[in-house]
Amino acid sequence: MRVRLLGRLLREIGALRLALLAPVLLTAGGRALVLAAPHPQGQWAIPFLTFLTLAAAHRQRADLRFLFISAPYFRRWLAVEYLLLALPLAAVLAVFKDWGAALLTLVLPATAALLPAARDSRGTQHRARSLFRSEAFEWVSGLRGGGLWAWPVLLAGAVWQHGSPLGPGVALVAWLLVLLACYGTPEPVTMLVLAARAPGQFLRRRLGLGVSYAALTASPFFWLLATGPAGVGGAVAVAAFWLGLVALLMLTKYAFYPNASHIRTTQALVVGVALTLFAHPVYPVLLLVAVGGLIWQSRRRLRAVLGQTENHA
């Protein structure tokens, strides 16, 4: 069944997008592993980043309720599945003789199978008041689904390793992955219609809210960079690049709305290109082209969706 689902997903993604996505992600992942594995502290970031990625994907799975009903021991199978996904990363760490980090990379991601589904933990009667405006629903629902506990953990790790730019840098990458999960799910079209704005005005409002909250939550990491070896200039450059990447993720969401598979794969492609920006001279050009293309496509797609809803009304 898993093979059939994977085949259906690959067909939905399409051959062209898959041909672009696979090499970029392999290059980005390989480059990150080669840089982190020999580093005394960087090697320990690999198991935790792997766990965060798998935990976010696990909690958003649509089949958890079905598995709970039909297969009482499904968490064991999911743990094995996540262990197999983490096995290549552990093998790379083992090549560099990072035995402790390799073992943790096998054990920690498998524990993601024990986590509940995101929607199961959002009770309607005992829901805590959010620190974010209800209009920024990605932040309200996404951070309730796990981001609220991830942020202090990442901040603690960044403070612990603030003497090296790697500590705050890894924390920013991990926080970007959390936001990627928040902005990877399209909202119902009814919520889009309730905004009742022109496409350009709607995008400016969404970008203003999203980038502002991203800057607010990432500001401690930027401050740690500025007070460390990176200096103020390095921190400003990282902050501008990181916030620009958040804006691109938001544009990607509406450029391919409401197809969740296309949104997530294209967001992964954008992040992969950004993380390997200097690995090949074509990647900076590709990212610049993507900026213009996503702005144009997001406005075009929103205009079409809002126009369709007006015609039906």
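Below, each value reflects all heavy atoms present in this structure, side chains not excepted, and no hydrogens, waters or symmetry copies. All figures in this text were calculated on a predicted structure; none of them were measured in a lab.
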Asker: Pair up each side-chain donor or acceptor in residues 237-254 with any protein partner under 3.5 Å, not counting sequence neighbours, and list the distances.
Answerer:
unit_1	atom_1	unit_2	atom_2	d
W242	NE1	L172	O	3.0
T252	OG1	L248	O	2.7
K253	NZ	E138	OE2	2.7
K253	NZ	E187	OE1	2.8
Y254	OH	E187	OE2	2.9

Asker: Are any of the side-chain heavy atoms of Q267 and Y183 separated by less than 4.5 Å?
Answerer: yes
Asker: Residues two or more places apart in sequence or in another chain: which of them pass side-chain contact (heavy atoms from CB on, under 4.5 Å) with Q297?
Answerer: A255, R300, R301
Asker: Evaluate side chain to side chain contact (heavy atoms under 4.5 Å, CB included) for V170 paired with F48, printing each intermediate quantity in order.
Answerer: CA-CA 10 Å; V170 169; F48 290 102; over 6 Å; no
Asker: Hydrophobic side-chain clustering at under 4.5 Å (ILVMFWY, transitive links): who's grouped with W77? Put none if nobody.
Answerer: none
Asker: So, using side-chain contact (heavy atoms from CB on, under 4.5 Å) as the criterion, who are the partners of T111 when residues are at least two apart?
Answerer: F51, L108
Asker: Before giving the answer on side chain to side chain contact (heavy atoms under 4.5 Å, CB included), spell out for L93 and W99 the whole-Å C-alpha distance, their side-chain angles and the decisive distance to 0.1 Å.
Answerer: CA-CA 7 Å; L93 288 170; W99 305 113; over 6 Å; no
Asker: Which pairs with one or both residues in residues 226-252 pass salt bridge (charged side-chain N to carboxylate O under 4.0 Å, His left out), sequence neighbours excluded?
Answerer: none
Asker: Show the nearest heavy-atom pair for residues A215 and F222, with the distance to one decimal.
Answerer: O-CE1, 4.5 Å
Asker: Could you pull out all residues at least two apart from P229 that satisfy side-chain contact (heavy atoms from CB on, under 4.5 Å)?
Answerer: P165
Asker: List for me each residue that meets salt bridge (Lys or Arg N to Asp or Glu O under 4.0 Å) alongside R76, sequence neighbours excluded, and say none if there are none.
Answerer: none
Asker: Using side-chain contact (heavy atoms from CB on, under 4.5 Å) as the criterion, list what pairs up with V95, not counting sequence neighbours.
Answerer: none
Asker: Not counting sequence neighbours, list each pair that qualifies as a side-chain hydrogen bond (donor to acceptor under 3.5 Å, both in side chains) and has a residue in residues 155-169.
Answerer: none
Asker: Considering only heavy atoms from C-beta outward, does the side chain of P220 approach that of W151 to under 4.5 Å?
Answerer: yes
Asker: Okay, side chain of T266, backbone of I263: is any donor-acceptor separation there less than 3.5 Å?
Answerer: no
Asker: CG/L302 to CZ/R206 distance, rounded to the nearest 0.5 angstrom?
Answerer: 10.5 Å
Asker: For the OG atom of S212 and the CH2 atom of W139, what is their distance to the nearest 0.5 Å?
Answerer: 9.5 Å
Asker: If every non-hydrogen atom of L209 is compared with every non-hydrogen atom of E135, which pair is closest and at what distance?
Answerer: CD1-CD, 3.6 Å
Asker: Should L155 and V159 count as side-chain neighbours, where that means a heavy-atom distance under 4.5 Å?
Answerer: yes
Asker: Using the six-membered ring wherever Trp is involved, compare the ring planes of F256 and H262 and label them parallel, tilted or perpendicular (cut-offs 30° and 60°).
Answerer: perpendicular
Asker: I need the minimum non-hydrogen distance between H58 and A112, along with the two atoms involved.
Answerer: CD2-O, 3.1 Å
Asker: When rounded to the nearest 0.5 angstrom, what distance separates OG1 in T105 from CG in L49?
Answerer: 10.0 Å
Asker: So, do V189 and P258 sit near enough that their side-chain heavy atoms are less than 4.5 Å apart?
Answerer: no
Asker: Evaluate the criterion side chain to side chain contact (heavy atoms under 4.5 Å, CB included) for residue pair T50 and I46; output intermediate values, then yes/no.
Answerer: CA-CA 6 Å; T50 305; I46 295 174; 4.1 Å; yes
Asker: Testing the 3.5 Å rule here: is there a donor-acceptor pair between the side chains of W175 and T217?
Answerer: yes
Asker: Show the nearest heavy-atom pair for residues A260 and P186, with the distance to one decimal.
Answerer: CB-CD, 3.8 Å
Asker: Can you give me the closest heavy-atom contact between A230 and L225, atom names plus distance?
Answerer: CB-O, 3.5 Å
Asker: Between L83 and L115, is there shared hydrophobic-cluster membership here, with clusters defined by ILVMFWY side-chain heavy atoms closer than 4.5 Å?
Answerer: no
Asker: Can you list, by chain and residue number, the hydrophobic cluster partners of V107 when the side-chain cut-off is 4.5 Å?
Answerer: L103
Asker: Without placing hydrogens or testing angles, list every side-chain donor-acceptor pair under 3.5 Å for residues 284-295, not counting sequence neighbours.
Answerer:
none

Asker: If I compare all heavy atoms of A101 with all of P47, which pair ends up nearest, and what's the gap?
Answerer: O-CG, 4.1 Å
Asker: So, taking the atom named CG in L85 and the one named CG in L106, what distance separates them when rounded to the nearest 0.5 Å?
Answerer: 11.5 Å
Asker: In the hydrophobic clustering that connects Ile, Leu, Val, Met, Phe, Trp and Tyr at side-chain heavy-atom distances below 4.5 Å, which members other than L216 occupy its cluster, ordered by chain and number?
Answerer: none
